Amino acid sequence: MPSDSPERLALEGRVQAALGHVSTSALIRRMETAEDFGYDDEEVELSRRLREQGKTWRWSEDFFNSKVVIEGGEG
């Protein structure tokens, strides 16, 4: 779904209302400790926040100790 589609914007609005009070570091901790694929809302909110900063994220390549890696932006 494109990042500017009405459906995506509605989803991001709902997720932001639920998770907007959670710090970015807390979102990342929740994602890193969640059961497999149990972090959908956190993923949407983290992606939205980072997109506003010109950044993206991905999972580290360590299968047994996956961590969120933030990429892009300045400095």
Side-chain angles (χ1 to χ4, degrees):
M1 168 178 354
S3 63
D4 60 348
S5 72
E7 296 85 6
R8 182 67 183 199
L9 294 174
L11 172 62
E12 287 180 351
R14 287 192 303 274
V15 172
Q16 185 179 12
L19 295 174
H21 67 284
V22 178
S23 70
T24 299
S25 59
L27 280 175
I28 292 169
R29 278 193 303 275
R30 287 169 65 155
M31 290 171 65
E32 291 175 344
T33 59
E35 295 293 322
D36 288 345
F37 307 106
Y39 51 84
D40 291 344
D41 289 351
E42 289 84 356
E43 178 179 352
V44 168
E45 178 63 6
L46 180 62
S47 295
R48 183 194 66 77
R49 290 180 189 188
L50 293 177
R51 187 176 62 246
E52 290 176 353
Q53 300 171 25
K55 299 178 182 180
T56 60
W57 71 274
R58 64 175 175 80
W59 286 109
S60 66
E61 295 178 11
D62 183 347
F63 181 77
F64 296 104
N65 189 26
S66 295
K67 298 290 181 192
V68 170
V69 177
I70 297 175
E71 301 175 321
E74 295 180 20

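Keep in mind that this is a model prediction, so the values were computed, not measured.
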>> Measuring from atom CG of Leu50 to atom CD1 of Ile70, what distance do you get when rounded to the nearest 0.5 angstrom?
In response: 5.0 Å

> Quick one: are the ring centres of Trp57 and Tyr39 less than 6.0 Å apart?
Replying inline: no

>> Looking at every non-hydrogen atom in both residues, tell me the closest pair between Ser60 and Ser66 and how far apart they are.
In response: OG-CA, 3.5 Å

>> So which atom in Glu32 and which in Val68 form the shortest heavy-atom distance, rounded to 0.1 Å?
In response: OE2-N, 2.8 Å

>> By the ring-ring contact (aromatic ring centres under 6.0 Å, His included) test, which pairs, at least two apart or in different chains, include something from residues 8-33?
In response: none

> Does Thr33 have any side-chain contact (heavy atoms from CB on, under 4.5 Å) partners at least two apart in sequence or in another chain, and if so, which?
Replying inline: none

> What residues, two or more places apart in sequence or in another chain, satisfy side-chain contact (heavy atoms from CB on, under 4.5 Å) together with Thr24?
Replying inline: Ile28, Leu46, Arg49

> What pairs meet the salt bridge (charged side-chain N to carboxylate O under 4.0 Å, His left out) rule with one or both residues in residues 20-31, with sequence neighbours excluded?
Replying inline: Arg30-Glu42

> Can you list the residues that meet the side chain to side chain donor-acceptor pair (under 3.5 Å) rule with Glu61, with sequence neighbours excluded?
Replying inline: none

> If two hydrophobic side chains count as joined below 4.5 Å and joins carry through other members, does Met31 share a cluster with Val69?
Replying inline: no

> Considering residues at least two apart in sequence or located in another chain, which fulfil the salt bridge (charged side-chain N to carboxylate O under 4.0 Å, His left out) criterion with Glu35?
Replying inline: none

